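To keep things clear, I will list the structure first and then write my remarks on it.
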Amino acid sequence: MAARGLVQSMATLLLKSVRCSCLLRLSEPTLLNTVACRFLSWTPRSIKRLSKENIGLVNNLVNLGVDVQSARKRQPGVLKKMITHEDGLIGFLQAKGASKDFVAGIISRYPRSITRTVEHLEKKWEIWHGILKSDSEILKVLERSPEAFFRSSNNANLEKNVTFLSSLGLTPSDLARLLAKAPRTFSNRMELNQQMVDYLHDVHVSLGGENAEEFVKLILTQNIFVLIQSVKRVKANIEFLQTSLRLSDKELLNLLQGIGADILDLCHEYIKRNFRHIQLKLLPLGCTDDQINSFILRYPAMLYLSPKNFTNKIDCLLKTGVEVEQILERPRVLDVSISTMASRIARLHQIGYNFQSFGVGLLDLSKTRFEVKFEKLQ
DNA sequence: TATACCGGGCTCTGCCATCCCG
DNA sequence: CGGGATGGCAGAGCCCGGTATA
């Protein structure tokens with residue numbers, strides 16, 4: 001990588017001297033080609049590609065501390081552009097409190113950011129600021145997800161999204177949460193967001209609900225990632241929940257506007273796989289289909305657990321002497337991390353706690369409640 | 001007073017595919 | 001044909017405490 005940068009620098013130096021002295025009549029690409037062939041045995045193809053890059057731009061980026069290699073890998077076309085605005089971008093973001101390294105990182109991760117004009121950035125920032133209120137919060141999002149901020153050049157669409165989401169009854173703080181945690185929502189085309197809203201609306205109506213607006217708002221606030229999923233995925237998940245758990249329309253509706261919303265954004269294959277895995281794990285332990293279904297229904301977030309994690313937790317409990325029935329009765333015990341579960345079990349063992357007689361209720365208490373309880377038991 | 005029940009708070013990107021336009 | 005804009009995908013949990021209830 002350093003070698004390539006070196007070649008580029010050397011080529012630039014040579015070009016400068018060529019321009020000054022006019023001793024050579026080589027074209028820039030040819031000269032670069034020559035330099036590259038001399039110092040590194042590159043293929044003609046890579047030289048051809050490189051020769052199309054804007055050397056001045058590439059050098060500028062190198063000087064700015066941008067990881068050009070990764071930028072090239074991500075969006076090679078940007079490096080070939082004749083007009084870019086990296087200096088404007090730097091000035092703009094630094095004025096907002098970003099460091100030089102921060103901006104270099106942004107460009108390395110999302111090169112197209114340098115194609116945005118300062119006017120565009122100002123407008124977009126203004127709209128974001130209308131939702132997030134402080135520059136530092138916006139910078140935090142940018143750092144996490146440069147793409148979400150820079151991918152679209154369509155500020156009008158961004159404004160349409162704000163209007164649209166507000167019209168659904170989402171409050172300013174709902175919007176702030178959405179923008180902070182699921183910024184892609186706002187770079188989606190408004191029509192795409194509308195499609196999801198329409199779909200959720202239809203689901204509610206077809207399940208016999210009577211307040212679709214409220215339902216949509218509930219889902220979108222309960223699970224802020226729904227709008228960055230495809231309708232296909234959400235639909236598949238909703239249908240899967242109904243058929244696999246054998247729910248009536250009303251039961252499904254209740255599930256969706258409650259704890260079920262949490263898992264709507266899961267990769268569909270993942271839900272299916274985990275569901276099968278839960279059955280595979282519990283059936284041999286003597287559980288019936290109905291028991292398993294109601295177990296999942298009472299704590300659908302278990303579908304979120306990887307098969308390995310699920311198995312580990314169940315095995316950990318069984319090894320401790322807990323009966324399967326005790327687990328079925330208290331699905332929320334799977335809520336605790338495996339490490340918390342194991343360390344609590346160990347501590348309780350030390351003081352002679354009998355899980356079979358007293359149950360697993362202690363395992364999923366909050367930390368403070370657990371400590372209080374533990375003190376008393378001691 | 002202890003436990004059960006329940007809802008809420010945190011929390012999502014970076015890559016690839018496809019379409020469309022100049 | 002290349003590149004910008006956009007859509008879609010895989011991947012993966014834990015903790016807390018208010019309030020009802022026994």
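Computed over heavy atoms, backbone and side chain alike; hydrogens, waters and symmetry mates excluded. In what follows, every chain begins at residue 1, and chains take the letters A, B, ... in the order their sequences are listed. Just so you know, these numbers come straight off a predicted model, no measurement behind them.
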Taking the side chain of A:F225 as its heavy atoms from C-beta onward, which of C:dC9, C:dG8, B:dT11 lies nearest to it? B:dT11
Output every pair passing ring-ring contact (aromatic ring centres under 6.0 Å, His included) with a member in residues 201-257 of chain A, not counting sequence neighbours, ordered by first then second residue. A:H204-A:F215, A:F240-A:H268, A:F240-A:F275
With pairs taken as Watson-Crick or G-U wobble and both distances under 3.5 angstrom, which stems of at least three consecutive pairs involve DNA chain C? B:1-10 with C:13-22, B:13-22 with C:1-10
Roughly how far apart, to the nearest Å, are C:dC9 and B:dC12 at atom C1'? 13 Å
Contact letters for nucleotides 10-22 of chain C, in which S counts primed atoms plus P, OP1 and OP2 and B counts the base, heavy atoms under 4.0 Å: BBBSBBBBBB---
Check this for me: does any side-chain nitrogen of one of A:K235 and A:E239 sit under 4.0 Å from a carboxylate oxygen of the other? yes
Over 60° means perpendicular and under 30° means parallel, so tell me whether A:Y353 and A:F355 are parallel, tilted or perpendicular. perpendicular
Is there a donor on the side chain of A:R184 or the base of C:dG8 sitting less than 3.5 Å from an acceptor on the other? yes
Pairwise C1' distance for B:dT11 and C:dG11, with rounding to whole Å: 14 Å
Result block: side-chain N/O donor-acceptor pairs under 3.5 angstrom for residues 86-106 of chain A, not counting sequence neighbours:
| unit_1 | atom_1 | unit_2 | atom_2 | d |
| --- | --- | --- | --- | --- |
| A:E86 | OE1 | A:T84 | OG1 | 2.7 |
| A:E86 | OE2 | A:N60 | ND2 | 3.0 |
| A:S99 | OG | A:F102 | N | 3.1 |

Output one line per pair: protein atom, nucleotide atom from nucleotides 20-22 of chain B, and distance, for all N/O pairs under 3.5 Å.
none

Under a 4.0 Å heavy-atom cutoff, the residues of residues 211-221 of chain A touching DNA chain C are none
